[in-house]
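Only this structure's heavy atoms are used, side chains among them; waters, hydrogens and symmetry mates stay out. These numbers were taken from a predicted model, which means no experiment stands behind them. Letters A, B, ... mirror the listed sequences (proteins, then strands); counts begin at 1.
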Amino acid sequence: MLDSSPQRSHFRRKLLAWFDRHQRDLPWRKERTPYRIWVSEIMLQQTQVATVIDYYLRFMKAFPDVQSLARAKESRVLKLWEGLGYYRRARQLHAAAKVICEKHGGVFPETVEDVLALPGVGRYTAGAVLSISLDQRLPILEGNTQRLFARLMLLEEDPKASASQRAMWSFSESLLPRKRCGDFNQALMELGSLICQPKSPGCLLCPVANHCAAFANGKQDQIPVASRKMKYENLHEAVLLLRRRRKGIEEYLVRLCGEGERWQGMWDFPRYPIDAADNNVVEQLGRAAKNQLGIEVEIGERVFSFRHAVTKYRISVDVYNAIGTGRVKKSKAGEAVWGNAADLELLPMSAPARKITKMRPKSPTGK
DNA sequence: AATACGGGGTA
DNA sequence: TACCCAGTATT
C-alpha cells in the first residue's frame with residue numbers, strides 16, 4: 001500500500017496537509033535552531049511531551065545557548081533536570097555542549113557523523129535534530145513511528161527484534177520526501193501520538209488510513225504485538241534522617257552519589273538495603289551506618305514509608321529518625337556532609353530524597 | 001540480544 | 001497493576 005512511488009507521494013501530501021492543520025503548539029516549534037531542537041530531543045527521550053514542556057522552558061531560560069550550557073556547573077544542569085529521570089541525559093548533554101564549544105567553535109555541528117559523535121546522541125536524535133532544524137533528509141525511528149510503521153507495514157513480528165528494526169528504518173527512509181523533511185518527520189510522530197495511539201487507534205480520523213495494511217485487514221488492534229512484559233523484584237531499604245542542630249539551624253546528613261551508582265552526581269540521604277529475613281532492622285541499620293559513615297548511630301522511630309520503582313525493582317522505603325555521635329568520615333562511595341534546608345533546595349536530589357524532603361514538615365520541630 | 005537507566009501519566 | 005513515553009550506551 002506504500003510500495004509504489006505514486007502511493008508514497010500521496011502519503012506524503014496527505015500527512016503533511018494533516019500536520020499543517022493539526023500540529024500542536026509546542027515551545028520547541030517556535031524557533032527551530034539546532035541547539036533548541038537538540039535540547040528538546042534529549043529531554044523527550046522516553047519522556048512524554050506534556051512532562052517536558054515546563055522543564056524545557058525553564059532550561060532554555062537558564063541556558064539560552066550552547067555556550068551558557070557549556071559554562072554551567074554540572075550540579076546546576078542536574079538541578080534543572082531534577083524529576084525528569086534518566087539523569088545520564090543531562091550529564092551527556094552538558095558534556096556535549098563542552099565538545100561543541102571546544103571542537104566545533106561553539107557552532108552546533110551540521111553533519112550526521114559529527115552529531116552522532118556527540119555523547120547521548122544516537123541515530124534517532126541525530127536524524128531528528130538535523131531534519132527538524134536544518135531540513136536535512138534523514139530518517140527517524142522512535143516509539144510513535146515504530147507503532148505507526150508496524151501498522152502501516154502489517155508487521156506481525158516483535159518490533160524490537162533487530163530484523164524489524166532494520167525493516168522499519170529502511171521504511172522510514174523510503175517514505176522521506178525531498179523537501180520539508182523536518183515537518184514530515186514531526187508529522188509521523190504527531191500522527192502516532194494523536195491518532196495512531198497504542199489503544200483504540202483513531203483510524204476513522206487518520207489521513208493515511210487508506211495506506212495502512214493493518215487497517216485494511218482490521219488488525220490495527222493486534223499490531224504491534226506486545227513485547228515481553230517487565231517483571232519487578234521487590235526490595236526493602238531504609239533511609240536515615242540523621243540530624244543535628246548547628247547555630248540554631250537544623251542540618252541533615254546527605255551524600256553525593258558517586259560514579260557507578262544510581263543517581264550519580266545527585267544527593268541522597270544515607271540509604272541501606274534491609275534483609276527482610278532478619279527482623280532486627282534497627283540493628284542492621286546501625287551496623288550499616290557504622291560501616292559506611294564511621295560513626296555510632298542511634299536509630300529512632302520510623303517516620304514514614306513509601307514505595308518507588310526503578311528499573312526492574314519495586315522498592316519499599318522506610319524512613320527513620322536517627323542521631324549520630326562522632327565525626328562523619330568521608331567514604332569512597334560518596335562524600336557525606338551536613339546540609340540545611342536551604343542547601344537541600346539548591347542541590348540536585350535523588351527521587352527518594354526529594355520525596356522525603358517534601359514529606360517533612362516545613363519548619364523542623366525541636367529547639 | 002539483553003539490560004541499565006527514572007519517573008510520571010493513564011486506564 | 002501494567003503499560004507507555006520524540007532512546008542511548010554498555011555488556
Side-chain angles (χ1 to χ4, degrees), chain A residues 23-24 26-29 37-56 78 81-93 95-96 115-129 131-133 138-149 158-166 168-169 172 182 184-194 196-200 224-234 257 259-266 268 306-315 348-355:
Chain A
Q23 67 170 298
R24 289 168 290 183
L26 300 171
W28 44 90
R29 288 183 176 160
I37 300 299
W38 170 51
V39 171
S40 76
E41 288 302 338
I42 300 296
M43 283 191 173
L44 286 161
Q45 287 171 6
Q46 296 293 286
T47 310
Q48 296 188 188
V49 167
T51 306
V52 166
I53 292 176
D54 288 341
Y55 283 90
Y56 180 78
L78 284 171
W81 209 271
E82 194 188 83
L84 257 191
Y86 289 118
Y87 301 97
R88 174 163 32 187
R89 291 182 297 176
R91 295 192 297 267
Q92 289 177 321
L93 186 76
V115 175
L116 223 31
L118 296 172
V121 176
R123 188 175 178 187
Y124 163 74
T125 303
V129 171
S131 67
I132 295 171
S133 66
L138 295 165
I140 57 158
L141 185 66
E142 41 64 75
N144 289 308
T145 41
Q146 281 178 46
R147 183 175 58 253
L148 173 65
F149 292 167
D158 179 359
K160 300 292 170 226
S162 58
S164 302
Q165 290 287 310
R166 258 198 310 284
M168 287 190 287
W169 272 109
S172 185
F184 182 79
N185 281 339
Q186 290 189 85
L188 289 171
M189 296 189 277
E190 199 82 334
L191 187 69
S193 173
L194 299 180
C196 199
Q197 295 171 347
K199 280 155 300 183
S200 48
V225 300
S227 36
R228 212 181 62 268
K229 56 189 66 168
M230 174 69 90
K231 51 195 177 291
Y232 283 93
E233 198 173 320
N234 290 316
C257 300
E259 198 164 345
E261 61 184 313
R262 221 190 301 282
W263 300 302
Q264 181 188 340
M266 305 187 78
D268 197 11
F306 62 92
R307 296 162 78 80
H308 72 113
V310 57
T311 311
K312 60 176 180 171
Y313 302 109
R314 178 164 295 287
I315 308 177
M349 302 292 283
S350 72
R354 208 148 40 91
K355 279 194 170 100

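Between Gln197(A) atom CD and dC4(C) atom P the separation is 13 Å, expressed in whole Å. At whole-Å resolution of the value, CD1 in Ile53(A) and C1' in dC5(C) are 14 Å apart. What separates CZ of Arg307(A) from P of dA2(C) is a distance of 12 Å, to the nearest Å. The interatomic distance linking Lys160(A) (NZ) with dC3(C) (P) rounds to 13 Å, in whole Å. Taking atom OH of residue Tyr124(A) and atom C1' of nucleotide dC5(C), one finds them 12 Å apart after rounding to whole Å. If you take CE of Met189(A) and C1' of dC4(C), they are 17 Å apart, rounded to a whole angstrom. Put simply, CG on Asn234(A) is 9 Å from P on dT1(C), counting in whole angstrom units. Between the CG atom of Leu194(A) and the C1' atom of dC4(C) there is a distance of 15 Å, rounded to whole Å.
Residue Arg29(A) is in base contact, counting any heavy-atom pair closer than 4.0 Å across all strands shown. Looking at heavy-atom distances under 4.0 Å, Trp81(A) makes no contact with the nucleic acid at all. Counting non-hydrogen atoms under 4.0 angstrom, Val121(A) reaches the backbone sugars and phosphates but no base. No contact: Ser40(A) has no heavy atom under 4.0 Å from any strand.
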Heavy atoms under 4.0 Å is the rule here; annotate nucleotides 4-11 of chain B 5' to 3' with B where the base is hit, S where only the sugar-phosphate is, and - elsewhere.
-> BBBBB---

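As rounded to the nearest Å, dT8(C) and dG8(B) have P atoms that lie 23 Å from one another. Spacing between dC5(C) and dA1(B) at atom C1', rounded to whole Å, works out to 22 Å. For the P atom pair drawn from dC5(B) and dA6(C), the interatomic distance equals 23 Å after rounding to whole Å.
For dA1(B), one of the phosphate oxygens OP1 or OP2 lies less than 4.0 angstrom from a side-chain nitrogen or oxygen of Ser162(A).
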Under the ring pair (Phe, Tyr, Trp, His ring centres under 6.0 Å) rule, what do Tyr55(A) and Trp81(A) come out as? Steps first, then yes or no, please.
-> CA-CA 7 Å; Tyr55(A) 283 90; Trp81(A) 209 271; 7.7 Å; no

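Side-chain contact, Gln186(A) with Arg29(A): a donor N or O sits under 3.5 Å from an acceptor N or O.
Residues forming a salt bridge (charged side-chain N to carboxylate O under 4.0 Å, His left out) with Arg354(A) (at least two apart in sequence, or on another chain): Glu82(A). Residues passing the side-chain contact (heavy atoms from CB on, under 4.5 Å) test with Leu138(A) are Val112(A), Leu130(A), Gln136(A), sequence neighbours excluded.
Taking 4.5 Å as the limit, every side-chain heavy atom of Cys257(A) sits out of range of all side-chain heavy atoms of Arg262(A).
Along DNA chain C, the nucleotide nearest to Leu116(A) and the one nearest to Asn144(A) differ in position, and the one closer to the 5' end is contacted by Asn144(A).
The pair Arg314(A)-Glu233(A) fails the salt-bridge criterion, with no side-chain N (NZ, NE, NH1 or NH2) lying under 4.0 Å from an Asp/Glu carboxylate O.
Side chain of Ser40(A) to main chain of Ile37(A): a donor-acceptor pair is present (N/O by atom type, distance under 3.5 Å, no hydrogens or angles).
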